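Here the structure is laid out as structure tokens; the discussion comes afterwards.
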There are 6 protein chains.
Amino acid sequence: MEISQILAGLHKRLLQSYSQSGSINHLQGANLPSRTNVIELIWLLEEVIFPGFFESASADEHDLSILTAQRLAQLYHKLEREVRKNLSFNKKEESLGDRANNIDEASMITGDFLSRIPDIRNQLQYDLHSIYDGDPAAKVKEEVILSYPGLRAITVYRLSHYFWEKDLKLIARMMSEYIHTRTGIDIHPGAKIGHHFFIDHGTGIVIGETTHIGNNVKLYQGVTLGAKSLDKSLGDSKRHPTIEDYVTIYANATILGGKTVIGEHSIIGGNVWLTDSVPPKSQVINSPSISVVSRS
Amino acid sequence: MEISQILAGLHKRLLQSYSQSGSINHLQGANLPSRTNVIELIWLLEEVIFPGFFESASADEHDLSILTAQRLAQLYHKLEREVRKNLSFNKKEESLGDRANNIDEASMITGDFLSRIPDIRNQLQYDLHSIYDGDPAAKVKEEVILSYPGLRAITVYRLSHYFWEKDLKLIARMMSEYIHTRTGIDIHPGAKIGHHFFIDHGTGIVIGETTHIGNNVKLYQGVTLGAKSLDKSLGDSKRHPTIEDYVTIYANATILGGKTVIGEHSIIGGNVWLTDSVPPKSQVINSPSISVVSRS
Amino acid sequence: MEISQILAGLHKRLLQSYSQSGSINHLQGANLPSRTNVIELIWLLEEVIFPGFFESASADEHDLSILTAQRLAQLYHKLEREVRKNLSFNKKEESLGDRANNIDEASMITGDFLSRIPDIRNQLQYDLHSIYDGDPAAKVKEEVILSYPGLRAITVYRLSHYFWEKDLKLIARMMSEYIHTRTGIDIHPGAKIGHHFFIDHGTGIVIGETTHIGNNVKLYQGVTLGAKSLDKSLGDSKRHPTIEDYVTIYANATILGGKTVIGEHSIIGGNVWLTDSVPPKSQVINSPSISVVSRS
Amino acid sequence: MEISQILAGLHKRLLQSYSQSGSINHLQGANLPSRTNVIELIWLLEEVIFPGFFESASADEHDLSILTAQRLAQLYHKLEREVRKNLSFNKKEESLGDRANNIDEASMITGDFLSRIPDIRNQLQYDLHSIYDGDPAAKVKEEVILSYPGLRAITVYRLSHYFWEKDLKLIARMMSEYIHTRTGIDIHPGAKIGHHFFIDHGTGIVIGETTHIGNNVKLYQGVTLGAKSLDKSLGDSKRHPTIEDYVTIYANATILGGKTVIGEHSIIGGNVWLTDSVPPKSQVINSPSISVVSRS
Amino acid sequence: MEISQILAGLHKRLLQSYSQSGSINHLQGANLPSRTNVIELIWLLEEVIFPGFFESASADEHDLSILTAQRLAQLYHKLEREVRKNLSFNKKEESLGDRANNIDEASMITGDFLSRIPDIRNQLQYDLHSIYDGDPAAKVKEEVILSYPGLRAITVYRLSHYFWEKDLKLIARMMSEYIHTRTGIDIHPGAKIGHHFFIDHGTGIVIGETTHIGNNVKLYQGVTLGAKSLDKSLGDSKRHPTIEDYVTIYANATILGGKTVIGEHSIIGGNVWLTDSVPPKSQVINSPSISVVSRS
Amino acid sequence: MEISQILAGLHKRLLQSYSQSGSINHLQGANLPSRTNVIELIWLLEEVIFPGFFESASADEHDLSILTAQRLAQLYHKLEREVRKNLSFNKKEESLGDRANNIDEASMITGDFLSRIPDIRNQLQYDLHSIYDGDPAAKVKEEVILSYPGLRAITVYRLSHYFWEKDLKLIARMMSEYIHTRTGIDIHPGAKIGHHFFIDHGTGIVIGETTHIGNNVKLYQGVTLGAKSLDKSLGDSKRHPTIEDYVTIYANATILGGKTVIGEHSIIGGNVWLTDSVPPKSQVINSPSISVVSRS
């Protein structure tokens, strides 16, 4: 049998499959936000937020002013389009004509978001200090911006949170998943996180949708702030813990449950498994029964 | 000393090194499957399996039919070539003439694989339902396809498993390693996994080569299904556990050994370390000696 | 309000922010090493170190000689430039004229580094044997080079360590962070690691800056070799453990502290948490209180 | 004045200009065929028409079959879209909804065009023979396909003529202008040209819209077949000459007028300027008054 | 001899050559404007001048406003940099530090140039009408913008002329040479050309540096407006002819000399060779001695 | 009828056509030199020949040495491959195994060619002076290198001539055709051309295969040096004229015939048509019967 016939047969079967297995097709509905575009937006935002760190050539003030004008126009153009798609999706608009809808709403959201970048920069400056001060391995602050996954993940969280709050959940989640892919740090954009937040290596950190985290909190790699029950009917209720100010949680600790509150100034040791609240200034330690024997 | 002389010297030393340190060179043998091409194949397959999700513009039925014909021709062309290389490698063919060999075999395998995509789509639809139903944070099904690493890793596993079964092990392993890199989820393509499989965040999951997993099984992040002994002479014997239907395994649990069987409808708690079988309907709990003290 | 006015307003606010939030700007100083360039250098180095593995077409000896000459010239050119930038940064040079400085020093370092590639290839050959011999799932050695994250991370560690030793810390850390992003394995370039080093899946491994690791050591996924205290004033003191020859450390074990020494030929079990030294030939086991109950 | 203000001012003035200078804007109407896409279509068609000439690697029959299937799918996909745009433009459709119109008509035309490629290949084979036989500098036929602008221009003419006949005039003219840009040969797609057509260097050739050219005609560089009057009201009347079979026209000759007929088997000398008909078997010679004087 | 040695030898000889053949090296001086960048600027300017013609998707007013803001910022950024290089070159600045010079002057010129685009659009609208009205083959005005080389060449002339006037001659000439390459039309940026200028096919047109062309002038392909003497000492004197209003010059006519004036409303026939002035309302005809003989 | 069926039908017809219309297929023979690769080689050679003119950043001596080493390695690699293909084609080698043949011969030719670049640079320096001195419009020598098509065409001629002499005719002709496409200047690589050659605008120049041109010759646009008879049987005999030293030929002159010799120090006027020899120091003038009449 010739190749063209084989391909024709495969083509037919596949189109049949597309007309049946409904929930993994997305046909005829509004265009979804594009993963590629969302990733490019994150890159552009990183350049705008940390000027001078990712340019290939040294930029003086004059260059920077022009570069910034250019980046803002690009950001506005690209972001507005993705916001419009998410609005269409929310409203279940289906016809192609929808493309022209939602322009005013999308423009307003885009402008509002961009106007908050200076505030986000302020917050990130506090986060940076927190990481730099907390890690003796960090030699200079530039090193933290250039090579700490923790700061990158916090940056994207602070951006994605805005979109979650505006009910643009597809964009928010595509942002958080991108940075999860790059850092192994999975912060749900719905979480609420205070200032001076500290993550360094971060691999394996999971922070659930309804988590509340106060100010000056430190999380080490592998920490899970999760749900106790995974019953779908819980819907949007608070399913993840509350971490108060000045709490430190060491590597691989797991804290579960929407009513679990870790009181301020507490320290949670490595590998601890907690499903109940602890009062302020607690120290929680896991004392595993380690036995050391000689092999000879 | 001039740069050209320096480079000439380095060149000479490097070629000497190539002629000596044998096992990290791959010279004069058959061409190996290319990492870049395998990654492009995965992207193409994701587009074919989830139509309408990754296009940059909205596609109607008419577009989709053309797009699909085009994608199938591309897939056939690229995949057949990589399959041929893997067949050559298996047979230790060495001369350049080998390139023309194995055409019939490679064509047959490629056609057979592509013809199974509709079935794989059916399976993934079940996996999708399982994830959506199991996670209250998932607001709509589209979100799961667009942003859940678990579904992406399962998709690639179901594709790579085909190639493992056909003894195209280099392709199979390059596929699984790519998605490991992107998600932190490491499912060996040799594992056998039933329908309605659930993974969500998934970071740190390791599923070994000879693992058997039944239907409706749920795994949370950090779970290891591994080998007890790492003796090379064990070769292809069953070294990894068997997980029966309707088992749920919580975060960071570790289950080891080829004879270890987790009976159906069991629940394995977080951080549990198991090297022995448990009967059906067991609940296994780790009760660490957590001590809470006041810091003041 | 028109778009151009909105953008003009945003532009103004952003430039104000740039003139204030000092530590997250990098303006007017020497040009920093570029993340994109460092990543391209790693790709080029992988091609030079493992000839024949990443080419898209089969390369015979003749091709290889030419390809190698070409790659060396490219490597020299790109690397020398990044080295120069890091030297400028170290010396806090600020004016644009600095670009011409440091040429001799940068050339010398670049040439010296490239001349060591044959030695690094020798070391990696031992590492490869160690991984291949230690994992029954590895069917052929080619599979390890093509698809084991462990070997990739060790390769980049051995390269980045050179730059750390030469006090080119930004380059060294950008290299280690890139491979962390790709593999989830985070080896600080300052660590000292002997020959025949074994990592396979590796996700979640963290090896701190002042760690010493002997020869023939094996680490499984999730192992942390970390610091006990994170007091910034500890500066460059030894804060991470020492692992002697022939030690094996199983998944998710955590070993902390600069004075902690794991004696040679010891075995550390999975999930063990250690902050004290153990003598040679120790076997350390975590015996968690696992309880199995029936659910019915 | 700051850059953002300057840009805002320019932006405002430009939008004003867009709302006024009507005929050089194309806003709110149907999307026009894209120049970039039309050029890509020409490249694809050249690959399909001359198999084996433009591939970067040697293609055997097996590869060719797959490649051709892939190219046809791509051609169909891209061409149908541009045809649809031209149909919309012809019908002065304005709303965005038009995009879905004209699918059936566009598909029919696209399929019909592709089905004629074998015939066009036959014609081009005759043209090739004509060029090869007529130029002693052509050493082998491959050289003509690889490096003769004349054959490239004839190829594109034979393709563009189809679209002109179907009243897809924008596509037809964009094709002819592309190849004009590349070869300096300007054949209007409306011209009618017989078989065994010969052009070699061709720079500066102009063949007008209503020209008729018979079989076995040869044109050298700089020949113009043009209109005598350029009165716009002449509209679609025959304004360009008729060249009968077996006519040869040497370099830089100019022949004008819709009623001018060059009888069969005539020879028109270089630099001749003709606005009247000549009977069959004529030889037309320009005898300029050249004077040779000594400079000393 | 090994390849690396051959390359080393070639390298040495080439560097020697660089240190000797002075005038074809450009080393250690100011950076020259970049050909690639100048070409990208032309593309951007064409998009800004003819909105809606070169976009790949249909743009409504809202999109257009954003796109325009983005294009202006990009234009400003790229153009200012090339202007600065040309200023440095003019002043024979040599050290690397020069890069920071000339910012104010370059910014002023760039802003001034961009502010003239609306005027240039007005002029081009007249040129478009002139071409459309003068060519019966032009079916709709869109066709002229999409596929007439004449309009493209006039557009680039009107842009390049600005830079010539500002003594940015390298940029001006790189622009004119680019469009010469694409259309075969060579208009020197120093020429002065009035409104309603007509060129259609245009291949082979040459218009010299000191040519003056009035309003409503039409030039057909192959017309040369050149210098009589090519004595270098003539420097910047007027060496090319003056063409007054409403003159038409047919194909391949040649008019030479700085004192040659073609009076208004004259018609110059095809192939005419003129080195003297003609009064207004002249008709100049070449009557070659064409002889027609029978070949039989 | 479905698209896949339509495509399958087209595929079948096209493959049939491929099996019949022999001379426009190139299947199963040796791989031909690639047009894309030849064009990239020309770009690389221009960078090597004119250092400092096409770099995007200013290059000092140190950079240049590294850049040159890199470019040479690339040139060697790419050129040797195309040379090998042309050798295979010459020898009518057909099987895939041929790829390994001709390595020694190709390496020798490639090395020899590259070793001549310094000499070619010397020649081009003379050509540059000739153009600069001969054109009052050329303000500085840099302008000639950056924007004169004449110098670009002469450069490529001097390169392509080498390959023609070595009987690598496909490569030589692909080079000359590329630059013909870019400049409208068509110099056959077989022509013999002395030093201090002058071309400026050049559009429409044609120089035939067996032309001989002495030293210090100037050609203006539209000059043809062609053959009188186009009888294929003339094969490789001398069919094109000989132009002796210090001859100037003005625009659009045509000189034909293998026995036609233009004696040294002669001047050939514009539009002259010559098929006979003229002695040294001749001045040849075309005195057309131009009539000037008043239109009123």
Side-chain angles (χ1 to χ4, degrees), chain D residues 3 6-7 10-11 13-18 21 23-28 30-32 34-36 96 169-170 173-174 176-177 180-181 184 186 188 203-204 206 208-209 222 224 226-227 230-232 234-235 239 252 254 265-267 271-274 278 281-289, chain E residues 48-61 64-65 68-69 72-73 76 107 111 114-115 117-118 121-122 124-125 128-129 133-137 139-143 145-149 182-184 201 203-204 221-222 251-252 270-271 286 288-296:
Chain D
I3 284 159
I6 295 170
L7 290 174
L10 293 170
H11 185 258
R13 289 196 54 200
L14 211 44
L15 290 189
Q16 274 172 352
S17 162
Y18 289 171
S21 309
S23 60
I24 62 171
N25 303 330
H26 183 77
L27 306 172
Q28 293 174 310
N31 199 357
L32 296 170
S34 144
R35 187 155 68 182
T36 311
L96 281 163
K169 292 184 174 166
L170 291 181
R173 285 286 290 118
M174 290 166 99
S176 66
E177 181 49 24
H180 178 207
T181 270
D186 191 349
H188 195 287
T203 319
V206 176
E209 177 190 354
T224 295
L230 296 153
D231 183 348
K232 187 85 185 176
L234 289 175
R239 307 181 310 280
N252 300 315
T254 303
H265 288 282
S266 294
I267 293 175
N271 281 10
V272 161
W273 179 275
L274 259 187
V278 298
K281 301 205 178 176
S282 299
Q283 181 155 16
V284 185
I285 300 164
N286 182 357
S287 316
S289 53
Chain E
V48 163
I49 287 171
F50 300 109
F53 280 91
F54 303 117
E55 284 78 18
S56 58
S58 185
D60 59 23
E61 258 187 55
L64 189 69
S65 174
T68 303
L72 277 172
Y76 193 97
S107 292
L114 293 178
S115 76
I117 291 181
R121 277 174 44 85
N122 281 341
L124 289 170
Q125 200 163 9
L128 168 64
H129 287 191
D133 292 343
D135 185 4
K139 307 304 180 203
V140 290
K141 284 185 184 142
E142 281 86 350
E143 183 191 338
I145 295 179
L146 290 173
S147 64
Y148 270 61
R182 280 295 178 277
T183 63
H201 308 287
T203 319
Q221 62 266 21
N252 299 316
N271 281 10
N286 182 357
S289 52
I290 303 291
S291 56
V292 180
V293 298
S294 177
R295 293 177 61 209
S296 56

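Chain naming here is simple, since letters A, B, ... match the order of the sequence lines and numbering starts at 1 in each. These figures come from a predicted structure and were not determined experimentally.
- For chain E, the nearby part of D:Arg35 is the side chain; its heavy atoms alone come within less than 4.5 Å.
- Comparing E:Ala137, E:Pro136, E:Pro149, E:Gly111 by heavy-atom pairs within less than 4.5 Å of chain D, the highest count is held by E:Pro136.
- Here CD1 of E:Ile145 is found 8.0 Å from CG of D:Asn25. Values are rounded to the nearest 0.5 Å.
- Heavy-atom distances place both the backbone and the side chain of D:Leu7 under 4.5 Å from chain E.
- Summarising the geometry, atom CG belonging to D:Leu170 is positioned 12.0 Å from atom OG belonging to D:Ser34; distances are rounded to the nearest 0.5 Å.
- Of the two parts of D:Val272, the backbone and the side chain both hold a non-hydrogen atom closer than 4.5 Å to a non-hydrogen atom of chain E.
- Residue contact with chain D, scored on non-hydrogen atoms closer than 4.5 Å, involves the side chain of E:Tyr76 exclusively.
- Both the backbone and the side chain of E:Val48 come within less than 4.5 Å of a heavy atom of chain D.
- Rounded to the nearest 0.5 Å, atoms CG (E:Leu114) and CG (D:Leu14) are 9.0 Å apart.
- Heavy atoms closer than 4.5 Å to chain D are found in both the backbone and the side chain of E:Ile290.
- In this view, E:Thr68 satisfies the side chain to side chain donor-acceptor pair (under 3.5 Å) rule with no residue, not counting sequence neighbours.
- Here the side chain of D:Arg13 pairs no donor or acceptor atom with the backbone of E:Pro118 at under 3.5 angstrom.
- Of the listed residues (D:Arg239, D:Lys169, D:His188), the greatest number of heavy-atom pairs within a distance under 4.5 Å of chain E belongs to D:Arg239.
- Here D:Ile267 is the residue among D:Thr224, D:Asn252, D:Ile267 with the most heavy-atom pairs under 4.5 Å with chain E.
- To the nearest 0.5 Å, the span separating CG on E:Asn286 from CH2 on D:Trp273 amounts to 8.5 Å.
- Counting heavy-atom pairs closer than 4.5 Å to chain D, the top-ranked of the candidates E:Leu124, E:Asn271, E:Val140 is E:Asn271.
- At a cut-off of 3.5 Å, with distance as the only test, a side-chain donor of D:His180 or E:Thr203 sits close to an acceptor on the other residue.
- Counting heavy-atom pairs closer than 4.5 Å to chain D, the top residue among E:Gly184, E:Gly134, E:Ser115, E:Gly204 is E:Ser115.
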Mind running side-chain contact (heavy atoms from CB on, under 4.5 Å) on D:Leu15 and E:Ser65 for me, showing each step along the way?
CA-CA 7 Å; D:Leu15 290 189; E:Ser65 174; 3.6 Å; yes
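- Using a 4.5 Å cut-off between heavy atoms, D:Glu209 touches chain E through its side chain atoms alone.
- Residue E:Glu143 touches chain D through both its backbone and its side chain, counting heavy-atom pairs closer than 4.5 Å.
- Note: E:Arg121 CZ to E:Leu128 CG = 11.0 Å, rounded to the nearest 0.5 Å.
- Top candidate by heavy-atom pairs under 4.5 Å with chain D, chosen from E:Lys141, E:His201, E:His129, is E:His201.
- Evaluation of the ring pair (Phe, Tyr, Trp, His ring centres under 6.0 Å) rule for D:His11 yields no partner, not counting sequence neighbours.
- Of the two parts of D:Thr254, only the side chain, counted from C-beta on, holds a non-hydrogen atom closer than 4.5 Å to a non-hydrogen atom of chain E.
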